[in-house]
Each structure stands twice: as C-alpha cells, then as structure tokens.
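Quantities reported herein were computed from a predicted structural model and do not represent experimental measurements. As a basis for the values below, the full set of heavy atoms in this structure was taken, side chains included, without hydrogen atoms, waters or symmetry mates.
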Amino acid sequence: MTLPPIIVHRSTMRVVDGAHRLRAAELRGDEKIKVTFFDGSKADAFVLAVGSNITHGLPLSMADRKSAAARIIVSHPQWSDRMIASVSGISAGTVAEIRRRSSAEDAASGSRIGQDGRVRPINSAAGRELASRLITADPGLSLRQIARAAGISPETARDVRNRMSRGEDPLPKSRGAAKAAGDRRTEALSRSTAGAATAEVVPMADRLAAVHRLTSDPALRFNETGRRLLRLLNINMLSAEEWQEIIANVPPHCSGIVASLARECAGMWDEIAVRVDLQLA
C-alpha cells in the first residue's frame with residue numbers, strides 16, 4: 001500500500017503530519033520518503049497538524065483537543081468558533097466557552113472569519129451605519145452589493161433598508177436576546193444563500209478587449225496606481241482552461257486556505273465594483 005507523503009514545515013523542517021510514517025520508514029531502513037513541504041507560519045503549521053490528527057492517524061484526546069483549540073484561539077483570534085471547532089474536533093459551544101475564559105477575546109477586532117471563508121462582524125453597528133450611507137448615496141444598489149461593501153450579511157442589509165424606508169434608525173437601540181437570535185438566523189440565511197446570486201457572464205474576448213482599451217488609456221498608463229490596476233486586471237484575464245489547470249494543481253492540504261483566500265479576493269473585487277459605481281453617481 002502506498003502511503004501519502006509526510007508534511008514538513010519548510011522553515012523549521014519539523015514534521016507536521018506523518019511522524020509515525022517517518023518512524024516506520026526508519027525502522028524499515030528506508031533512506032528516502034515522500035515529502036510535501038508546507039510554507040506557512042508556525043501557527044498555521046500547528047493548525048494543519050491538529051486538523052490532520054483529527055481526520056486520520058492517532059486521534060487526539062478531548063483534553064488535547066481543548067488545549068489545541070485554546071492555542072488556535074490565541075494565534076487566530078479572528079477565526080469563528082465554528083471554524084476553530086472544525087479544526088480541533090470539538091463543538092463550537094466548547095470553543096466559545098474556552099474563548100470566554102481566555103484573554104484572546106480582546107485580541108479580535110470587530111469581525112471573525114467563518115468556515116466558509118467569509119468575514120462577519122461581531123458587532124454590526126459600524127456595518128449598519130455604512131450600509132445606510134451606501135443606500136442613501138445609491139438606492140438602486142442590490143442587497144448583496146450593500147452587504148459586500150459594508151461587511152454585513154444580505155439579511156442585515158435588508159433590515160437596514162426596511163428601517164430606513166420606515167424612517168427608523170438603521171441601528172436598533174436595544175437588541176439583547178433578539179439580536180442573538182436574529183444574528184443566528186442571519187448567519188444561517190447568509191450561508192444558505194451565499195452562492196444563490198448569478199451575474200451576467202461577459203465573453204473572454206470582450207473582457208480582453210476592455211482591458212486592452214484600458215491599457216491604452218494615458219490616465220492609467222502614466223501613473224503607478226493606474227499601472228498597478230492594469231496589472232491586477234491582466235492577472236485575472238486567464239481562460240477557463242488555465243483556471244482549471246491551476247485548480248487541479250492545488251495541493252490537498254492547501255485547499256482550505258486557497259479557497260478562503262479566493263473568497264476574500266472575490267469579496268474585495270465586489271466591494272471595489274460597488275465603490276467605483278458610487279463615484280459615478
């Protein structure tokens with residue numbers, strides 16, 4: 001039976017996953033073993049090691065899982081409870097309890113990254129205020145556009161729009177238990193509708209022609225900011241076949257990180273589109 005390669009943290013040369021396979025190879029007298037190198041930080045290497053031990057190999061004890069979760073809370077304070085739970089193999093409620101007992105709660109900013117890679121605010125007050133300004137500036141914006149730009153869920157954006165239409169403050173004065181329940185419903189709805197929206201697909205030839213026209217525009221060509229924008233646009237002008245080749249060659253142990261970063265980049269581009277549109281209003 002062919003075993004998968006061990007994973008080694010390149011900068012420290014420590015085995016992240018596969019210590020038992022390495023030991024077995026040594027006992028057999030093998031001089032070589034297949035290796036996949038991991039180039040992330042020490043903290044990310046630890047997360048990978050914990051996740052690997054949860055999914056296969058010698059399982060961690062409950063105490064070890066809780067200890068790992070506590071360490072990840074400190075190193076990745078903006079990860080959601082569910083995301084940390086999926087890596088450490090314990091429940092999200094247990095992670096929340098560990099977080100409450102730790103000092104890492106204060107280290108997190110106003111948002112957390114969920115399992116799906118989406119950034120959600122812990123306190124949506126700032127997002128609601130920004131959403132209200134976006135709606136005032138351009139009432140024709142879609143809920144998804146408002147949500148992307150303001151860093152809130154589409155359902156929260158809907159609530160802001162409805163409140164403004166009734167002449168109410170976009171930020172509820174008292175939320176309490178209703179806020180907690182509403183946020184849970186909002187998060188569930190946001191997850192279920194994350195991929196529901198569809199956009200018009202522009203043919204590759206038309207996209208390439210548009211970028212070519214922009215490249216010829218002196219307003220962009222003759223300043224560093226404009227040239228940076230052109231470089232970014234050109235990087236994204238790959239064919240479907242080229243994207244598929246890239247996707248097919250993403251190493252399995254990097255898939256989660258790549259998917260998360262891809263979603264973040266998509267969100268940033270969506271926000272750029274909204275803000276550029278607002279400049280034309």
### Message
How long is the straight-line distance from CD1 of I98 back to CD1 of I73, given to the nearest 0.5 Å?
### Response
5.5 Å

### Query
Does some side-chain heavy atom of N162 sit less than 4.5 Å from a side-chain heavy atom of R166?
yes

## Note on the structure
Interatomic distance, CG@L220 vs CZ@R228, rounded to 0.5 Å, equals 13.0 Å

### Message
Counting neighbours of CZ on R10 that are heavy atoms of other residues, nucleotides or ligands and sit closer than 6.0 Å, is the number greater than 12?
### Response
yes

### V15/R21 under side-chain contact (heavy atoms from CB on, under 4.5 Å): CA gap, chis, key distance, verdict
CA-CA 10 Å; V15 177; R21 275 169 275 157; over 6 Å; no

### Query
Atom CG in D17, atom NE2 in H253: separation rounded to 0.5 Å?
10.0 Å

### Summary
Rounded to the nearest 0.5 angstrom, the CZ-CD1 distance for R128 and I146 is 12.5 Å

### Task
Looking only at non-hydrogen atoms, find the nearest pair between S91 and A85 and report the distance.
C-CB, 3.7 Å

### Query
Do you know which two heavy atoms are closest between F38 and I7, and how far apart they sit?
CB-CG2, 4.0 Å

### Query
Does the side chain of V35 come within less than 4.5 Å of F37's, by heavy atoms?
yes

### Query
Would you find a donor on one side and an acceptor on the other, under 3.5 Å apart, between the side chain of T136 and the backbone of S132?
yes

### Query
Can you tell me how far the CG atom of D39 sits from the CG atom of D44, to the nearest 0.5 Å?
11.5 Å

### Message
As a test of understanding, state which of I90, I72, T94 forms a side-chain contact (heavy atoms from CB on, under 4.5 Å) with I84.
### Response
I72

### Query
Which distance, rounded to the nearest 0.5 Å, do you find between the CD of Q244 and the CD1 of I247?
5.0 Å

### Query
Do I6 and L27 belong to the same hydrophobic cluster, where Ile, Leu, Val, Met, Phe, Trp and Tyr are linked whenever their side-chain heavy atoms lie under 4.5 Å apart, directly or via other members?
no

#### Entry: Test item: N236 and R207 side chains (from C-beta on) under 4.5 Å apart, heavy atoms
no

### Shortest non-hydrogen contact between R82 and A92, atoms and distance
CG-CB, 3.9 Å

### Message
Taking V95 as the starting point, is it possible to reach M62 by hopping between hydrophobic residues whose side chains are less than 4.5 Å apart?
### Response
yes

## Note on the structure
Looking only at heavy atoms, the pair that brings A96 and D81 closest together is CB-OD2, 3.3 Å

### Query
Does P77 offer a backbone N or O that forms a donor-acceptor pair with the side chain of R99 under 3.5 Å?
yes

### Query
Are there more than 12 heavy atoms of other residues, nucleotides or ligands under 6.0 Å from atom CD of E245?
no

### Message
For V160 versus A131, what's the shortest heavy-atom pair and its separation?
### Response
CG1-CB, 4.3 Å

### Message
Hydrophobic clustering (ILVMFWY, side-chain heavy atoms < 4.5 Å, transitive) - are M237 and L229 grouped together?
### Response
yes

### Closest non-hydrogen atom pair between H9 and G40, with its separation
NE2-O, 2.7 Å

### Query
Considering residues, nucleotides and ligands other than E31, do more than 12 of their heavy atoms fall under 6.0 Å from its CD?
no

### Message
Hydrophobic clusters here meaning ILVMFWY residues chained together by side-chain heavy-atom distances under 4.5 Å, can you tell me if I272 and L233 are in one?
### Response
yes

### Query
Given side chains that start at C-beta, do those of R163 and D169 come closer than 4.5 Å, heavy atoms only?
no

### Query
Under a 4.5 Å side-chain heavy-atom rule over Ile, Leu, Val, Met, Phe, Trp and Tyr, are V87 and I257 clustered together?
no

### Query
Does the side chain of L134 reach to within under 4.5 Å of the side chain of D138, using non-hydrogen atoms?
no

### Task
Considering only NZ, NE, NH1 and NH2 on the basic side and carboxylate oxygens on the acidic side, decide whether D270 and R144 come within less than 4.0 Å.
no

### Query
Is there side-chain contact between E155 and D159, with heavy atoms separated by less than 4.5 Å?
no

### Query
Would you say the side-chain atoms of T215 pair up with the backbone N or O of V211, donor to acceptor, closer than 3.5 Å?
yes

